[in-house]
Amino acid sequence: MASNVSELTTYMAYLEGEWKKSSSGETIAIQSPYLRKTIGYVQAVTQDEVDEAISAAHKAQKEWATLSVSARGDYLDRWADELVNNSEEIAKAIMHEVGKGFKDAQKEVVRTADLIRYTVQEALHMHGEALKGDGFPGGDQKKIGIVERAPLGVVLAIAPFNYPVNLAASKIAPALMSGNAVIFKPATQGSISGIKMIEALDKAGLPKGLLSLTTGRGSVIGDYLVEHKGINMISFTGGSSTGRHLSKQATMIPLVLELGGKDPAIVCEDANMDVAVKSIMNGAFSYSGQRCTAIKRVLVNENVADELVTRLKAEIEKLSVGSPEVDSTIVPLIDDKSADFVQNLIDDALTKGATLVTGNKRENNLIYPTLIDNVTEDMDLAWIEPFGPVLPIIRVKADDEAIEIANKSEYGLQASVFSQDIDRALAVARQVEAGTVQINGRTERGPDHFPFLGIKSSGMGVQGIHHSLLSMSRERVTVLNLK
Ligand SMILES: NC(=O)C1=CN([C@@H]2O[C@H](COP(=O)(O)OP(=O)(O)OC[C@H]3O[C@@H](n4cnc5c(N)ncnc54)[C@H](OP(=O)(O)O)[C@@H]3O)[C@@H](O)[C@H]2O)C=CC1
Ligand SMILES: O=C(O)[C@H](O)COP(=O)(O)O
């Protein structure tokens with residue numbers, strides 16, 4: 001596939017239902033991680049523009065909340081249709097901007113349309129409840145509690161670079177279906193994909209002002225957005241340090257945080273090795289490990305460690321490395337800084353005596369898939385999230401030791417346990433501190449209607465379609481006191 005990004009577009013911000021140049025007069029250049037050149041410019045939105053967008057959002061939200069759920073759903077269904085109709089163009093934007101393989105980028109767009117449609121259906125099927133007062137000692141049948149769900153107001157949706165369309169829509173769709181307005185802050189590297197996605201929503205006829213897209217550096221407008229009195233809920237996905245910072249800035253408003261991880265794959269000595277190898281390969285290396293749910297360390301029983309390492313090495317050496325345009329599994333990392341970060345983790349482990357099995361080759365921000373054995377607890381690679389294609393092997397003597405090391409991590413997003421004995425796998429799974437534990441499978445967020453959550457430094461609150469709808473609305477209780 002030939003890349004045609006020679007004509008550089010300056011993209012507008014979407015403010016109060018109009019595509020506008022920012023009054024700042026400033027733009028931000030977006031660099032493609034694999035073309036290694038500027039592919040477009042986005043607006044650096046000002047604080048005054050943020051104020052205006054939030055004020056317009058409040059106005060539009062009032063009317064939106066009076067629409068029936070099915071009428072809101074019609075807008076969102078049309079959005080999903082538009083995304084599918086423009087999937088090739090949006091996928092190209094994702095590929096150019098964040099270096100994701102074209103087929104995976106297309107899957108991301110289709111998955112997003114599916115997520116939006118499911119969100120509509122889920123919202124249509126969420127009903128309130130009526131409580132009878134006599135259900136509590138001393139209560140009275142004449143007291144009836146009606147419990148409905150009400151919107152929160154204006155939701156701030158902040159997304160990371162790695163799933164610029166899906167992780168944004170998984171916030172925007174439930175926010176809108178719950179009757180809220182949205183301020184969407186895309187990752188700077190991910191803004192063009194976000195703009196393309198919002199173009200589709202605009203084409204679907206969304207009422208003006210209900211959603212604004214504020215492009216700009218998180219370090220410049222992030223705190224302003226987060227601390228803004230007009231924001232009633234924040235749904236954030238990104239790194240743990242950004243998430244921790246944000247949780248200190250935001251006061252007395254609901255907050256859902258999906259953050260980083262250091263997902264372990266625990267391989268017991270009775271694991272089915274075919275399953276373990278396939279799952280670890282897929283879990284650790286797809287999109288060069290730039291997934292929050294990537295397998296980021298392997299805790300393997302020493303009796304099967306040699307076999308696992310030999311088989312992983314053979315598979316890693318077969319991985320395609322290079323351009324996302326030919327769907328390589330290993331693609332250049334999002335920027336040079338990220339590649340330096342991964343390289344430092346590799347260097348630290350090797351300096352401290354770990355064994356290089358394969359990899360540790362680099363061309364600019366392209367890091368070849370790297371497997372490092374005999375990683376020990378004194379090495380940063382045992383604990384720090386690389387967000388790149390490097391996998392540490394930590395050998396353990398028993399399940400208990402694997403659980404202990406798994407739980408020593410500050411993170412608790414997901415984990416995998418591989419064993420052919422379901423009782424054993426379940427016993428291990430129940431002791432691992434993580435939002436989700438996969439038995440005999442790779443760590444992953446999908447399917448998107450499952451609850452998705454991180455504990456410890458991996459997050460706060462729950463996503464997944466049903467839970468996102470809940471977190472973006474509140475109970476509204478009306479009590480009838482009959483004569
Ligand atoms: N648990 C989960 O569901 C997921 C977690 N992640 C995690 O995200 C990280 C990678 O994504 P990355 O984009 O680099 O993460 P970052 O934390 O760097 O950025 C995430 C978002 O926050 C914005 N931001 C930055 N500073 C602020 C601020 N002060 N206030 C408000 N917003 C701010 C960024 O904007 P800008 O780009 O302009 O700086 C971006 O939109 C990894 O740690 C990964 O594990 C990723 C996907 C899923
Ligand atoms: O950013 C991430 O890593 C995504 O939330 C992971 O999604 P996936 O596990 O479904 O690829």
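These numbers were taken from a predicted model, which means no experiment stands behind them. Both counts, for ligands and for their atoms, begin at 1 and track the order of listing.
- Using modelled atom types, one finds a donor on one side chain and an acceptor on the other under 3.5 Å when comparing Glu49 with Ser23.
- In terms of protein heavy-atom proximity, atom 1 (O) of ligand 2 is closest to Asn162 ND2, 2.8 Å.
- Residue contact annotation: Leu167 has a non-hydrogen atom under 4.0 Å from ligand 2.
- Residue Ala159 places a heavy atom less than 4.0 Å from ligand 1.
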Given Ile295 and Ser416, is the side chain to side chain contact (heavy atoms under 4.5 Å, CB included) satisfied, shown in steps?
CA-CA 8 Å; Ile295 289 177; Ser416 290; 4.2 Å; yes

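- Each of the following atoms of ligand 2 lies closer than 4.0 Å to a heavy atom of Cys292: 1 (O), 2 (C), 3 (O), 4 (C), 5 (O).
- Atoms of ligand 1 lying under 4.0 Å from at least one heavy atom of Gly216, given by number and element, are 38 (O).
- Looking from atom 15 (O) of ligand 1 to the surrounding protein, the closest heavy atom is Gly239 N, 3.4 Å.
- For the residue pair Tyr14/Glu199, the side-chain donor-acceptor check at 3.5 Å is not satisfied.
- Nearest to atom 11 (O) of ligand 2 among the protein's heavy atoms is Tyr163 OH, 2.4 Å.
- Per-residue contacts place His245 under 4.0 angstrom from the following atoms of ligand 1 (heavy atoms of the residue considered): 29 (N).
- Between Ser219 and Arg217, the side chains place no donor N or O within less than 3.5 Å of an acceptor N or O (distance only, hydrogens not considered).
- Under 4.0 angstrom from ligand 1, the non-hydrogen atoms of Phe452 all belong to its side chain.
- With a heavy-atom cut-off of 4.0 Å, Gln290 does not touch ligand 1 at all.
- Close N/O approach between Thr237 and ligand 1 is not found [any backbone or side-chain N/O within under 3.5 Å].
- Within ligand 1, the atoms closer than 4.0 Å to a non-hydrogen atom of Thr242 are 16 (P), 17 (O), 18 (O), 24 (N), 25 (C), 26 (N), 27 (C), 33 (C), numbered from 1 in the order shown.
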Hey, mind stepping through Lys196 and Glu108 against salt bridge (charged side-chain N to carboxylate O under 4.0 Å, His left out) and telling me if it holds?
CA-CA 13 Å; Lys196 298 266 172 208; Glu108 179 175 339; over 6 Å; no

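- For Lys352, the NZ atom sits in a packed shell: over 12 heavy atoms of surrounding residues, nucleotides or ligands are nearer than 6.0 Å.
- Side-chain contact, Gln438 with Gln414: a donor N or O sits under 3.5 Å from an acceptor N or O.
- Taking every heavy atom of Pro160 and a limit of under 4.0 angstrom, the matching atoms of ligand 1 come to 11 (O), 13 (O), 46 (C), 47 (C).
- Which parts of ligand 2 touch Gly446 is read off a 4.0 Å heavy-atom cut-off, strictly below it: atoms 10 (O).
- Not a single donor-acceptor pair under 3.5 Å links the side chain of Asp380 to the backbone N or O of Asp348.
- Shown in contact with Pro186 at under 4.0 Å from a heavy atom are these atoms of ligand 1, numbered in order with element: 41 (O).
- Ligand 1 has a nitrogen or oxygen under 3.5 angstrom from a nitrogen or oxygen of Asp223.
- Protein heavy atoms are absent from the 4.0 Å sphere centred on atom 19 (O) of ligand 1.
- Residue-ligand proximity, Lys185 to ligand 1, at heavy-atom distances under 4.0 Å covers atoms 35 (O), 36 (P), 38 (O), 41 (O).
- Ranked by closest heavy atom to atom 5 (O) of ligand 2, the top entry among Glu258, Glu108, Arg445, Gln463 is Arg445.
- At a 4.0 Å heavy-atom cut-off, ligand 1 does not touch Ile334 at all.
- Polar contact with ligand 1: present for Phe161 (N/O pair, distance under 3.5 Å).
- At a 3.5 angstrom cut-off on N or O pairs, Arg291 counts as close to ligand 2.
- Under a 4.0 Å criterion applied to the non-hydrogen atoms of Glu385, ligand 1 contributes the atoms 42 (C), 43 (O), 44 (C), 45 (O).
- Considering both main-chain and side-chain atoms, Leu167 never comes within under 3.5 Å of ligand 1 through any nitrogen or oxygen pair.
- Around atom NZ of Lys20, more than 12 heavy atoms belonging to other residues, nucleotides or ligands sit under 6.0 Å away.
- For the pair Arg362 (side chain) and Asn364 (backbone), a donor-acceptor distance under 3.5 Å is present.
- Taking any N or O of Phe452, backbone or side chain, none lies under 3.5 Å from an N or O belonging to ligand 2.
- On a distance-only criterion, Thr293 and ligand 2 share at least one N/O pair closer than 3.5 Å.
- Polar contact with ligand 1: present for Leu259 (N/O pair, distance under 3.5 Å).
- Heavy-atom proximity to Glu444, at under 4.0 Å, picks out these atoms of ligand 2: 9 (O).
- Under a 4.0 Å criterion applied to the non-hydrogen atoms of Arg217, ligand 1 contributes the atoms 38 (O).
- Ser409 places no side-chain N or O within donor-acceptor distance of the main-chain N or O of Ile405, the cut-off being under 3.5 Å.
- Taking the ring centre of Phe236 as origin, the terminal cationic atom of Lys171 falls outside the region bounded by 6.0 Å and 45° from the ring axis.
- Minimum heavy-atom separation, Pro332 to Leu366: N-CD1, 3.6 Å.
- The heavy atom nearest to atom 42 (C) of ligand 1, out of those in Tyr224, Phe387, Phe184, Tyr163, is found in Phe387.
- Residue Glu88 places its CD atom among 12 or fewer non-hydrogen atoms of other residues, nucleotides or ligands, all under 6.0 Å distant.
- Closest to atom 28 (C) of ligand 1, if we only count protein heavy atoms, is Gly218 O, 3.6 Å.
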Show your reasoning for whether side-chain hydrogen bond (donor to acceptor under 3.5 Å, both in side chains) applies to Asp378 and Thr376.
CA-CA 6 Å; Asp378 57 327; Thr376 50; 2.4 Å; yes

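- In terms of protein heavy-atom proximity, atom 38 (O) of ligand 1 is closest to Thr188 OG1, 2.5 Å.
- At the top of the distance list for atom 6 (N) of ligand 1, counting protein heavy atoms only, stands Cys292 CB, 3.5 Å.
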